[in-house]
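Quick note: residue numbers are just sequence positions, from 1.
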Amino acid sequence: MSDALNRHIPGLKSTLLLRRRKKIDGLEIHRTPARRATDALRRHLAHGFDILLPERRKDLPFSLNVLGMGFDTAQMEKADVVHLHWIGGRTVDFSQLRHIRRPLVYTLHDMFACTAGCHCTMDCSLFQNECRGNCPQLGAPRLFRNIPAWLFSRKRRAFGRIPSLTLVARRPV
C-alpha cells in the first residue's frame, strides 16, 4: 500500500514501519535491548496461555493484547498521520498507542479491536456485553473466567486514552 501511495500521489512520502523487515521495504520498529528482552518474555508468556487454557479453541485466533510489543514513538514523530494495520496479538501493546503524538488511523481488518481478543466472533455475541460471561472460544476454567472481560476493559481504556484516533472499517457485503 505504501508503494502505491508513493507511486500515485505526487509529493507524498509514505514509509512502512514494520515489526520485522524481512523482505519488505520499510523501517523496522526500533527497540532497545531491554525492550527486546521484555518482548521475548511476553512471547514466552503467550505460549503459556495454551497450557493454562487447555480447552481453548485452537481453530480460531485469540490474541492477548497485554502481551504486545513495545516500541519507540520517536520514529513516528516526523509523520503527519500514523496508519495502523494488523496490530493485534503480540504486534503492539495497545496501552502504548497513547504515546504516539500524531493522529492515528486504525484500519480494522477483523473484529480484534472490539473484542477481548477474538479476531473472528463466529456465533458469539459476548463482545456486545464487554465479553462478560463464559467465553466459548477460551473454554476458560473457573480461575480464568474473568480474563475476557478484563482484556476487553483494558483495551477500551487504552483506546480512550489515545488523543486522536480514527477507526476505518469496511461494511460487510
Side-chain angles (χ1 to χ4, degrees), residues 1-2 16-24 26 28-29 31 35 38-71 76 81-100 103-141 143-162 164-173:
M1 182 164 136
S2 184
L16 288 176
L17 190 55
L18 307 159
R19 182 174 176 204
R20 277 189 232 107
R21 275 190 66 202
K22 292 189 179 180
K23 296 179 183 178
I24 302 170
E28 190 167 309
I29 293 173
R31 294 181 292 155
R35 186 72 236 186
T38 302
D39 291 345
L41 177 62
R42 288 177 173 203
R43 189 171 47 254
H44 291 295
L45 287 171
H47 290 300
F49 186 58
D50 287 334
I51 296 167
L52 293 173
L53 298 167
E55 297 172 29
R56 181 174 87 81
R57 287 185 63 175
K58 306 283 193 281
D59 60 330
L60 295 173
F62 187 96
S63 298
L64 292 170
N65 56 21
V66 296
L67 298 175
M69 177 181 72
F71 52 86
M76 300 172 200
V81 175
V82 175
H83 192 177
L84 306 168
H85 290 271
W86 298 108
I87 62 170
R90 292 189 328 256
T91 304
V92 171
D93 178 353
F94 279 72
S95 67
Q96 297 296 307
L97 295 177
R98 68 184 171 161
H99 299 295
I100 300 172
L104 292 178
V105 176
Y106 178 10
T107 297
L108 308 177
H109 296 282
D110 58 17
M111 293 190 68
F112 180 70
C114 56
T115 69
C118 299
H119 292 264
C120 177
T121 60
M122 302 301 279
D123 57 352
C124 177
S125 60
L126 288 176
F127 70 96
Q128 295 172 353
N129 189 29
E130 301 178 355
C131 292
R132 292 194 175 111
N134 291 329
C135 177
Q137 189 156 329
L138 293 182
L143 179 62
F144 300 107
R145 188 157 291 141
N146 294 326
I147 285 179
W150 177 75
L151 290 170
F152 187 96
S153 68
R154 185 179 187 280
K155 192 182 294 185
R156 184 179 63 202
R157 275 193 314 276
F159 280 141
R161 292 179 177 148
I162 299 170
S164 176
L165 175 65
T166 302
L167 298 176
V168 178
R170 184 167 101 57
R171 185 180 181 150
V173 181

Residues in ring pair (Phe, Tyr, Trp, His ring centres under 6.0 Å) contact with His109, at least two apart in sequence or another chain: His85, Trp86
Nearest atoms (heavy-atom pairs only) where Gln137 meets Cys118: OE1-SG, 3.3 Å
Check: Phe159 ring centre within less than 6.0 Å of Phe94 ring centre: yes
Where Thr121 and Phe127 come nearest, the two heavy atoms and their spacing: CG2-CD2, 3.7 Å
Listed once per pair and sorted, the salt bridge (Lys or Arg N to Asp or Glu O under 4.0 Å) pairs that draw on residues 127-136, sequence neighbours left out: Glu130-Arg132, Glu130-Arg156
Reported CZ-to-CD distance for the pair Arg161 and Gln96, which is rounded to 0.5 angstrom: 11.5 Å
Min side-chain heavy-atom separation Pro148-Leu138 under 4.5 Å: yes
Nearest non-hydrogen partners of Leu126 and Gly133, listed with the distance: CD1-C, 4.2 Å
Ring centroid separation Phe112 to Tyr106 under 6.0 Å: no
Inter-residue atom distance Cys135.SG - Arg145.CZ, 0.5 Å rounding: 11.0 Å
Spacing of CD1 belonging to Ile162 relative to OG belonging to Ser95, to within rounding of 0.5 Å: 10.0 Å
Distance, nearest 0.5 Å, that separates CG of Leu151 from CZ of Phe62: 5.5 Å
Leu165 CG to Leu97 CG distance, which is reported to the nearest 0.5 Å: 8.0 Å
